[in-house]
Amino acid sequence: MKIGRFIRRVVRATVPPTVFLGIAAYFGWNATQGDHGIKAYQSQLVLLDQAKQAQQDATAEQIAWRRRVNGLREQSLDNDTLDERARAMLNLADKNDIVVPYDRRDPLY
């Protein structure tokens with residue numbers, strides 16, 4: 001009888017704290033390692049920084065393309081420049097043209 005009572009007392013004294021410590025450990029582990037924990041938050045911050053950088057790159061590219069498209073409008077085209085670019089693209093020259101050589105590392109366009 002005394003041994004049974006002793007075992008019951010030991011179980012009642014150790015099982016509830018062990019269960020609560022296990023639950024606390026579970027929640028503590030999920031707070032750091034889980035899907036919504038600290039590590040997941042840090043990885044989301046990295047993804048956010050990457051997305052912001054991609055947005056800035058896309059905005060810069062969009063501005064460059066708008067500038068290039070605006071340069072093609074009829075009001076902004078210069079006939080001399082257009083003629084020069086057409087000759088350069090087609091690799092043609094007029095017999096009255098003066099050809100000025102330039103280095104390949106320093107293009108005119």
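Side-chain atoms are counted along with the backbone in the values below, which use heavy atoms only and exclude waters and symmetry mates.
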Please round to the nearest 0.5 Å and tell me the distance separating atom CD of Gln50 and atom CG of Leu48. 10.0 Å
Gap separating the CG atom of Asp57 from the NZ atom of Lys52, nearest 0.5 angstrom: 14.5 Å
Rounded to the nearest 0.5 Å, how far apart are CZ of Arg9 and NZ of Lys2? 10.5 Å
Answer yes or no: does atom CG of Asn70 have more than 12 heavy-atom neighbours from other residues, nucleotides or ligands under 6.0 Å? yes
If two hydrophobic side chains count as joined below 4.5 Å and joins carry through other members, does Phe27 share a cluster with Leu21? no
Shared hydrophobic cluster for Ile23 and Val15 (ILVMFWY, side-chain gaps under 4.5 Å): yes
Hey, does Arg8 have a side-chain heavy atom less than 4.5 Å from the side chain of Val11? no
Indicate the atoms forming the closest heavy-atom contact of Ala40 with Gly34, along with that distance. CB-O, 3.8 Å
Can a donor-acceptor pair be found between the side chains of Gln53 and Asp49 at a distance below 3.5 Å? no
For residues Val19 and Tyr26: do they belong to one hydrophobic cluster (side chain heavy atoms under 4.5 Å, members Ile, Leu, Val, Met, Phe, Trp, Tyr)? yes
For the pair Arg66 and Ile63, evaluate side chain to side chain contact (heavy atoms under 4.5 Å, CB included) and give the outcome as yes or no after the intermediate values. CA-CA 5 Å; Arg66 281 188 181 166; Ile63 290 170; 5.7 Å; no
Could you see if Val10 belongs to whatever hydrophobic cluster contains Ile3? Use Ile, Leu, Val, Met, Phe, Trp, Tyr and a side-chain cutoff under 4.5 Å. no
